[in-house]
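Quick caveat, the model's predicted, so the values are computed rather than measured. Numbered from 1 within each chain, the chains take letters A, B, ... in sequence-line order.
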There are 2 protein chains.
Amino acid sequence: MPDIVQKRQRLEAIRELLSSSLVSSQDELRRKLRRRGIHVTQATLSRDMHELQLLKGPGGYSLPNGNGNGAARSGNGAAVVDDDAPPSVAEMIDSFGMRAQQALNQVVVHTVMGGAQPLAAALDYEKWPEVVGTIAGDDTVLIICPDQRRAGEVESRIRTMLES
Amino acid sequence: MPDIVQKRQRLEAIRELLSSSLVSSQDELRRKLRRRGIHVTQATLSRDMHELQLLKGPGGYSLPNGNGNGAARSGNGAAVVDDDAPPSVAEMIDSFGMRAQQALNQVVVHTVMGGAQPLAAALDYEKWPEVVGTIAGDDTVLIICPDQRRAGEVESRIRTMLES
DNA sequence: CTGTCGATTGCATACTTATTCATTCAAGTG
DNA sequence: CACTTGAATGAATAAGTATGCAATCGACAG
């Protein structure tokens with residue numbers, strides 16, 4: 001197996017993993033990659049991550065652009081799972097969500113630093129019918145709905161999750 | 001000397017150092033602080049840095065916002081203020097802003113490359129009542145308002161800043 | 001004053017990441 | 001084909017970061 005191909009795919013996989021889940025250490029990343037059939041050592045990952053110019057913050061690694069990074073992880077009870085199962089929106093909101101507010105046909109959800117990207121990924125994954133699309137920054141997710149009514153529904157559903 | 005005062009000043013000093021020089025390790029930071037008469041151990045700095053939510057990238061540590069990381073740092077002349085006071089939106093617009101345009105309940109602000117993140121951070125920090133949330137890319141900030149009217153207000157306020 | 005509580009810190013150490021060194025392999029070169 | 005060169009990688013280990021624990025200090029109730 002040609003090394004160079006392996007590498008390209010691996011970097012791709014790393015980017016993908018990072019955009020949809022929080023990774024706190026290179027070893028954790030190594031285990032997640034292994035489940036995808038990619039088997040490398042921490043040393044290699046260290047080099048990969050340098051190459052990808054990743055940032056590391058209190059909450060784990062993140063892509064250089066505007067992706068997630070940040071705080072909070074400690075015992076909040078939820079989502080402490082060893083994970084790798086596609087994370088659910090409920091879990092994400094429970095773990096990272098801070099507040100949600102509707103604005104016309106959109107809903108803005110504020111999260112802890114670094115929570116926006118995973119939350120958006122979870123929303124995308126669950127494909128809510130009222131959601132047309134999402135955009136995530138570091139700590140803010142913009143959810144776009146077809147109309148004001150649907151946005152209202154989404155807002156209240158998220159608020160419920162926040163309160164629980 | 002009261003511990004708590006020490007700490008406040010130290011965090012302050014760390015922010016200042018980071019914004020004006022590259023720091024690659026906590027031990028390096030420790031040495032730099034020592035030259036300023038602040039003497040603490042790496043352990044304490046680890047805790048401080050966690051508290052400041054610093055990011056670590058290829059180029060060293062950086063403040064959580066959109067500040068410098070890794071490469072590029074040179075001056076743009078403006079807003080080189082003594083800083084450390086959370087940067088104001090006015091300053092940011094002045095330094096990075098290029099144009100602003102309303103779209104329904106949103107306002108899109110274009111900035112110079114790399115200016116979006118800091119501007120969004122400043123907006124978040126000032127917590128304008130007309131702003132529900134912001135999302136920033138590399139050179140574009142999307143500001144979400146509750147409705148079209150408020151978006152208009154925000155747009156014109158920003159335009160004023162741009163012209164000045 | 002005395003005891004309790006919470007915050008801050010240093011020390012020692014566990015844990016995580018970067019780097020050195022050697023190896024392997026593919027692509028050129030003569 | 002034999003040799004050289006450069007990229008990629010693992011193993012071992014150096015370098016760097018986080019954390020459990022105990023000590024200290026100020027605030028404050030009794």
Starting from [atom2] on [N], measure out to [atom1] on [X] and report it in whole angstrom.
X	N	atom1	atom2	answer
B:Met49	D:dG16	CE	P	13 Å
A:His50	D:dA8	NE2	C1'	16 Å
A:Ile38	D:dA8	CD1	P	16 Å
A:Asp48	D:dA7	CG	C1'	13 Å
A:Gln42	D:dA8	CD	P	18 Å
B:Leu45	D:dT19	CG	C1'	15 Å
B:Arg30	D:dA15	CZ	C1'	14 Å
B:Asp27	C:dT17	CG	P	18 Å

**Request:** Answer whether the closest heavy-atom distance between the side chains of B:Ile143 and B:Ile158 falls below 4.5 Å.
**Result:**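 In contact.
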**Request:** With heavy atoms under 4.0 Å as the rule, sort A:Ser46 into base, sugar-phosphate or nothing.
**Result:**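 Result for A:Ser46 = base.
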**Request:** Name the nucleic acid region contacted by A:Ser25, choosing base, sugar-phosphate or nothing; use a 4.0 angstrom heavy-atom cut-off, strictly under.
**Result:**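 Answer is sugar-phosphate: A:Ser25 comes under 4.0 Å of backbone atoms only.
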Would you say a side-chain N or O of [X] is under 4.0 Å from OP1 or OP2 of [N]?
X	N	value
B:Arg10	C:dT9	yes
A:Lys56	D:dT17	no
A:Thr44	D:dG10	yes
A:Tyr61	C:dT16	no

**Request:** Note down the inter-axis angle between the two ends of the helix from C:dC1-D:dG30 to C:dG30-D:dC1, five pairs each, to the nearest 10°.
**Result:**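 Terminal axis comparison yields 20°.
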**Message:** Between the base of C:dT20 and the side chain of A:Arg47, is there a donor and acceptor pair under 3.5 angstrom?
**Reply:**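 In this structure, the two groups form a donor-acceptor pair.
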**Prompt:** Can B:Arg150 and B:Glu153 be counted as an ion pair, charged N to O under 4.0 angstrom?
**Reply:**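 Between B:Glu153 and B:Arg150 there is no salt bridge, as every charged N stays at least 4.0 Å from the carboxylate O atoms.
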**Message:** Just verifying a value: how many Å separate A:Glu28 CD and A:Leu33 CG, rounded to the nearest 0.5 Å?
**Reply:**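 Answer for the CD-CG pair, A:Glu28 versus A:Leu33, is 10.5 Å.
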**Asked** Starting at the 5' end of DNA chain D, which residue's closest nucleotide do you reach first, A:Glu51 or A:Ala43?
**Response**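 Going by which nucleotide is closer to the 5' end, it is A:Glu51.
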